[in-house]
Amino acid sequence: MVVTKTSENRWLRRYRICFFIGVLILSFQIYLAVRFFRINVDNADTSGDYNSFRLSNFEINDVENSVNSARRSKDSFSIDDEDISNSFQAKPKRDTVINKTQNKNQLHLRLEELDFVPACKITTKEAISAIHRAKTQKCKQTISNITCLISADLLYPKELPNYCPNDGFVAGKSLGCFKDEKSFRLLNGHYGNYKNANSPEFCMHLCLQSGFLYAGVQYSSECFCGNEEPSPTSRLPDSSCNMKCPADPHLACGGYYTVNVYQTGIAKFSPQVAETTVSPSVRPARIVFLLTLNGRALRQVRRLIRILYHRDHYFYIHVDVRQDYLFRELLSLETQFPNIRLTRKRFCTIWGGASLLQMLLSSMHELLLSRWEWDFVINLSESDYPVKTGDKLVEFLTANKGKNFVKSHGREVQRFIQKQGLDKTFVECDTHMWRIGDRKLPWGIQIDGGSDWIALSREFVTYAASDEPDELVKGLRIVFNYTLLPAESFFHTVLKNSKFCNSYIDNNLHVTNWKRRLGCKCQYKHIVDWCGCSPNDFLPEDWLRIQNTETRQIFFARKFEPVINQAVVLQLEQWLYNVNFNKDIPNINSYWQSVYHHLDLTPSPDDSLLTVAQSIIRINSKLISDKCRLIPEKILEMTSFHADDIYQKTLILYVANDTGAAQKVTVETNFKYKTTFVLLKSSPFLHRLKSLTVSTEYDPKEQTFRNFAHIMGPYSEPTLVFEFNSSPELAAKSTNITFLWIDPVGRLADVHDVSIDDNYALGHIKPALKQPLLPGAWTVKLIHKQVLAEMKFLIAPLEFFSGNVVTQKQVGFVHSGSEIIKEFDVQWGRFLPNGFDRETLLSKSIADSKRFGADLRDWIDSLVNKFFSIGSSCASDRSTVCTRSFDECGKTNWSSFAPDPKSSLNNL
């Protein structure tokens, strides 16, 4: 066949048309695919936020805390003197695309729940969540007012002055356009990509905030910071930096690997080096130890004062306003010692709260008004203890008069700001720190922070705590009044930006026992909308860390808690003074800590604690009735007694009427919880089970219960702790077990599945039990195909409610338990009592819930007898025939009257 030229051209034209149509179709398909992919990515970027709008307020908080927990699992905002990380290169943030349909899912403020009208329309989800979760109307209104001030741009200063000498550096001075390289950046301290906000001014402010001398804008949206001035050899004509700034198109923001460089206006900061030699003519430094106390560790506070005491030093003590016991017991020291004072202006100082900074500034201001002549103030808590003698501390501070000792975070500043939550607004009320939204920190100053344990000179305290502050201090007080953990940043930031910047020494004289794996478990979520970390108590196995401070400028360590471990404190004292105290001091290994006192105004008494204690002394009076007749009248105090770092027993000090002598006597009786853990089967796996324990106030950081007496009532929140030993002889595998929570009438209250491998396992479970809990004997069963072990624990009926004797009307709802009954898989029914037994138990429970007066006390006594063992008694005064049958309390080794010289201040 012959093909002509004309047919050839015709086929070629048809091929071109088909090819063009195919390319067009393919391009359209690629466009649709890209468009579809972008929509999905955008939705993925934003769906987490907007899906959370559908959650309840409590769920929103839990989600946010979970996110913060993940972000902060490796780092804490509280900084150890040894916890220094490398500089951080921030990654550019992607812009979030919000489509119109997402606006329908916004949270709305429920105005019907408020007894006030907000001053503005509140739309931020954090503020709305905080208002709904706040307990009181006063707190809700405070959050609302602060939110409206922020939205109106009336709360925070936009810019603050920097008074630190700058050695000729000029803010905003342009150094010109420079060539940059991908592999060797001219400015390598910080990087950020700001697609909408970047400009020379923005970048300069950001770099100054981070403490850098130079700022550089590049490729329109990129901001670089650094401390090294670019080399003149890299200089280019200004026309090489020709890309427009997103925030101001009239300005140039560098170009493709070209950067406009500016001075931020600050000089390079270098912390001072502490002096080590003292001039003979210099008067020894006088120190104020500012003790900021919380809790009931009275004897440990006395022990701390005892080891630090010198007539030339001073002790100024702040006790949390909720700790009436500690304040009352320490108040007597003012009459004994002219250099010990307690402040009367007391604050409610929650963890991370703005009140912590307010308390410090208030106490420092009062110190300035006092007649005491001092050179330094060092803040300490009851958990601190010296690791060097007082003479060495005085010698060191004398050589460094006028210097200020703070510990910086050691991280890249922008990362620190995010991790510390400094870019968020927090409001403290209802003893909680509520997060209400994002904020911008004032421009013009460097942000710094780290540890809140500090040693400050009198000159700087005069400046920072003045009642007539300058613009810098006044502005920073406003900022840090709405900041989480403000004491960890306020003094650092004031120092960096004031005339005292050259007195900054990067050392807070402390070593802190950080164990991140244990300490960063978000244990403060109930009081802050954030996830925080806390250091661990020192134990004897941490001794090497204390020893390593010998050659360093470290004078204090933390934390120490004698209810956790007292042996390490004794070891430290022996190391400091090269003396063995064991043979010289009575009860050197014993510790007593009050848990209740009848004079306490705050906190409110624990009704279950009072109920069990009253039952114990009632039962005890019946046990000794063959010897004498004592009628208990009033509980004075309850004390937790520990020996050799093991909880031993709880002591009840009470007044009783000796009917034989017709007079009142003071008696102390001890008791302890009975172990109710029982192994029901034998198996290789079960041999690894070391313990099952149920109590309240579990501390996951120290892995112990703070409720040593294991006393629980209807409004307690029980936690189960299980411990399995390792088993190297077994093959590596996991065993799935189940814990069943069974109430006193045989109903299943909760179920938890746990996987245990062949390694050592210590875990805890906090069941979701609806309050009030049904009083009586509860059961926890460990299930692995069958019941392997079980333990019983007591939820005690209440003889007291809100500190008063329970009324007949109150017993009905307090002792009837929750009406909400959960439903569980029927497979667990075979591990519960049978139907007849449950009906019997239910009938008895209904009858018990109506008990009142003497009948109620008999029921309580029968339960307490089963779960607690009563020990010996002693008398503080053996003047009657009855009390002569008791030991004298002061001569026992367990009574709260037993000698305890290590915590006595009588011989100072």
Side-chain angles (χ1 to χ4, degrees), residues 606-623 632 671 673-674 676 678 694-696 710-718 740-750 767-781 790-824 828-870:
D606 184 327
D607 295 321
S608 57
L609 182 70
L610 284 178
T611 294
V612 171
Q614 198 70 46
S615 176
I616 293 288
I617 61 177
R618 252 194 327 264
I619 296 170
N620 190 56
S621 67
K622 295 175 183 177
L623 293 175
F671 71 94
Y673 187 76
K674 294 179 183 177
T676 56
V678 179
V694 174
S695 188
T696 59
H710 298 272
I711 295 175
M712 294 171 280
Y715 296 96
S716 298
E717 297 179 354
L740 305 183
W741 297 74
I742 303 170
D743 74 5
V745 298
R747 295 176 302 202
L748 189 57
D750 212 347
L769 303 178
K770 189 69 176 178
Q771 296 178 339
L773 305 180
L774 189 65
W778 284 63
T779 306
V780 173
K781 291 188 177 183
E790 73 173 30
M791 70 160 299
K792 294 186 180 295
F793 64 93
L794 175 64
I795 297 298
L798 297 183
E799 182 183 352
F800 301 93
F801 189 74
S802 297
N804 300 312
V805 176
V806 67
T807 66
Q808 191 167 7
K809 184 177 180 180
Q810 290 170 334
V811 294
F813 68 84
V814 172
H815 294 157
S816 296
S818 171
E819 296 179 358
I820 299 177
I821 307 298
K822 297 180 182 178
E823 293 185 3
F824 299 94
W828 305 119
R830 62 194 177 99
F831 301 111
L832 306 177
N834 60 49
F836 177 79
D837 290 342
R838 287 203 299 272
E839 287 294 330
T840 303
L841 291 170
L842 179 60
S843 299
K844 184 178 184 303
S845 176
I846 293 173
D848 287 338
S849 68
K850 298 176 182 178
R851 292 193 179 199
F852 177 69
D855 195 22
L856 172 61
R857 291 191 290 272
D858 289 341
W859 179 34
I860 294 171
D861 292 352
S862 67
L863 290 170
V864 169
N865 243 332
K866 294 177 182 178
F867 285 89
F868 295 91
S869 59
I870 302 175

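The minimum heavy-atom distance linking Pro833 with Gly746 is given by the pair CD-O, 3.7 Å. The nearest pair of heavy atoms linking Leu774 to Gly817 is CD1-N, 3.8 Å. Residues Asp607 and Leu798 approach most closely at C-CD2, 4.0 Å, considering heavy atoms. Taking both residues in full, the closest heavy atoms of Ala768 and Asp750 are given as N-OD2, 2.9 Å, listed atom of the first, atom of the second, then distance. The two atoms that bring Gln771 and Ser818 nearest to each other are O-CB, 4.2 Å, heavy atoms only. Of all the heavy atoms in Pro718 and Pro767, the pair that sits closest is O-CD, 3.2 Å.
Among residues two or more places apart in sequence or in another chain, the side chain to side chain donor-acceptor pair (under 3.5 Å) test is passed with Thr807 by Gln810. Residues satisfying the ring-ring contact (aromatic ring centres under 6.0 Å, His included) test with Phe867, not counting sequence neighbours, are none.
Of the possible polar contacts, one joining the Ser843 side chain to the Glu839 backbone as a donor-acceptor pair under 3.5 Å is found. Side chain of Lys674 to backbone of Asn865: a donor-acceptor contact under 3.5 angstrom is found.
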Test Val814 against Tyr715 for side-chain contact (heavy atoms from CB on, under 4.5 Å), laying out the working first.
-> CA-CA 9 Å; Val814 172; Tyr715 296 96; 4.1 Å; yes
Please assess Val694 against Met791 for the test side-chain contact (heavy atoms from CB on, under 4.5 Å), listing each intermediate value before the final yes or no.
-> CA-CA 9 Å; Val694 174; Met791 70 160 299; 3.8 Å; yes
Just do the side-chain contact (heavy atoms from CB on, under 4.5 Å) check on Leu748 and Trp741 with the steps written out, would you?
-> CA-CA 6 Å; Leu748 189 57; Trp741 297 74; 5.7 Å; no
Residues Leu856, Val806; criterion side-chain contact (heavy atoms from CB on, under 4.5 Å); working and verdict = CA-CA 10 Å; Leu856 172 61; Val806 67; 3.7 Å; yes
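Taking CG of Leu842 as the start and CZ of Arg747 as the end, the distance is 6.5 Å to the nearest 0.5 Å. Rounding to the nearest 0.5 Å gives a distance of 10.0 Å between CZ of Arg851 and CD1 of Ile860. Met712 CE to Phe793 CZ: the interatomic distance, rounded to the nearest 0.5 Å, is 5.5 Å. Atoms CG and CG, on Asp855 and Asp848 in that order, are 8.5 Å from each other to the nearest 0.5 Å. In this structure, OG1 in Thr676 is found 8.5 Å from NZ in Lys792, a value given to the nearest 0.5 Å. Taking CG from Leu769 and CD from Glu717, the interatomic distance works out to 9.5 Å, rounded to the nearest 0.5 Å.
Counting heavy atoms from C-beta outward, Glu790 and Ile742 have side chains that stay 4.5 Å or more apart. Annotation: side chain of Ser695 is not in contact with side chain of Tyr673 (no heavy-atom distance under 4.5 Å). Side-chain contact between Pro744 and Trp778 is present, with heavy atoms from C-beta onward closer than 4.5 Å. In this structure, the side chains of Asp743 and Ser845 stay at 4.5 Å or more apart for every pair of heavy atoms.
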Which side-chain N or O atoms in residues 613-620 pair as donor and acceptor under 3.5 Å with protein atoms at least two apart or in another chain?
{"residue": "Ser615", "atom": "OG", "partner": "Asp861", "partner atom": "OD1", "Å": "2.6"}
{"residue": "Arg618", "atom": "NE", "partner": "Asp861", "partner atom": "OD1", "Å": "3.4"}
{"residue": "Arg618", "atom": "NE", "partner": "Asp861", "partner atom": "OD2", "Å": "3.1"}
{"residue": "Arg618", "atom": "NH1", "partner": "Glu799", "partner atom": "OE1", "Å": "3.2"}
{"residue": "Arg618", "atom": "NH2", "partner": "Asp861", "partner atom": "OD1", "Å": "2.8"}
{"residue": "Asn620", "atom": "ND2", "partner": "Thr669", "partner atom": "OG1", "Å": "3.4"}
{"residue": "Asn620", "atom": "ND2", "partner": "Ser873", "partner atom": "OG", "Å": "3.1"}

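More than 12 heavy atoms of other residues, nucleotides or ligands sit less than 6.0 Å from atom NZ of Lys822.
Across Leu609, Leu794, Leu610, Asp606, a single residue satisfies side-chain contact (heavy atoms from CB on, under 4.5 Å) together with Ile711, and that is Leu609.
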